[in-house]
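Just below is one structure, and these are the notes that go with it.
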Amino acid sequence: MNGNWIALHTVPREGEKLVFKDQGIWRGPLDEFGINCMIPEDITAEIFVLPHDEGVLFRGRITGRVTLPCDRCGDVAQADIDHTFDDFEPYPAGAEIVLPTAAKDAGPQQRSAPRKGKKGTGGKGEETPAAGFTTDTDESVIRVAPFGRGIEINPATLAWEEFSLALPIKPLCREDCMGLCPVCGKNRNMENCACGTDRTGPCQAALSAFKAKK
Ligand SMILES: [Zn+2]
Ligand SMILES: [Zn+2]
């Protein structure tokens, strides 16, 4: 994703919405990290990028659909992704900031736009967006330009990071997935086995198996 760096001074002072539809943003790292996750419907990320005096505010939404192995039976589990996030990245320490100039007809500054998000809520009016956010700089998202002056940002990397957070930890093929029999390993959604015909849940079956060994 190294090709996705954007010079900050190309982003208008009043902010800009960027749309990411390149599936390589997700497929690349999924392959790289060996994550068993398929993308049957394209994932789209929309990120509003707003440069501030102290850093850059990213407000994004990621939508689409993924399939993962069911946590109980290993069958295909489908999950809709609809993930919103606010992220503020402070400028790297000592960086020379070249902010874009405000557009002539930009109208009122967007600084006071209502901010919803996981952090920084309940603030007191016109504070900087940095309040409530971590002050660590994520160098995979914001950096000093390698050549020349200014700052570069990488919203695509941020999109990947947020996408990975949005993946379900325990995906299920269906709410009432019966899972695999802990004794014989058969998929209990497909067939009954003789291991626990009079039992209902996997816990009881496991318990019976445990007792049987004693
Ligand atoms: Zn399942
Ligand atoms: Zn069984």
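Being a predicted model, the structure only gives us computed values, none of them experimental. Counting starts at 1 for both ligands and their atoms, in listed order.
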Table please: side-chain donor-acceptor pairs of residues 65-72 below 3.5 Å, with sequence neighbours left out.
residue, atom, partner, partner atom, Å
R65, NE, D80, OD1, 2.6
R65, NH1, E41, OE2, 3.2
R65, NH2, D80, OD1, 3.1
R72, NH1, E175, O, 3.4
R72, NH1, C177, O, 2.9

Would a 4.5 Å heavy-atom cut-off, applied to side chains only, mark L165 and F163 as touching?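 They are not in contact (no side-chain heavy atoms under 4.5 Å apart), so the answer is no.
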Take the Zn ion (ligand 1) as the vertex and measure to SG of C73 and SG of C173; round to 10°.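 With the Zn ion (ligand 1) as the vertex, SG (C73) and SG (C173) sit 110° apart.
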What does the angle at the Zn ion (ligand 1) come to, between atom SG of C177 and atom SG of C70, rounded to 10°?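 Output for this angle: 110°, rounded to tens.
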Between atom CH2 of W26 and atom CD1 of I35, what is the distance when rounded to the nearest 0.5 Å?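 So the gap between those two atoms works out to 13.0 Å.
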Rounded to the nearest 0.5 Å, what separates atom CZ in R61 from atom OG1 in T44?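 Rounded to the nearest 0.5 Å, the CZ-OG1 separation comes out at 10.5 Å.
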Metal-centred angle, SG of C184 through the Zn ion (ligand 2) to SG of C181, rounded to 10 degrees: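 Here the angle at the metal atom is close to 110°, to 10°.
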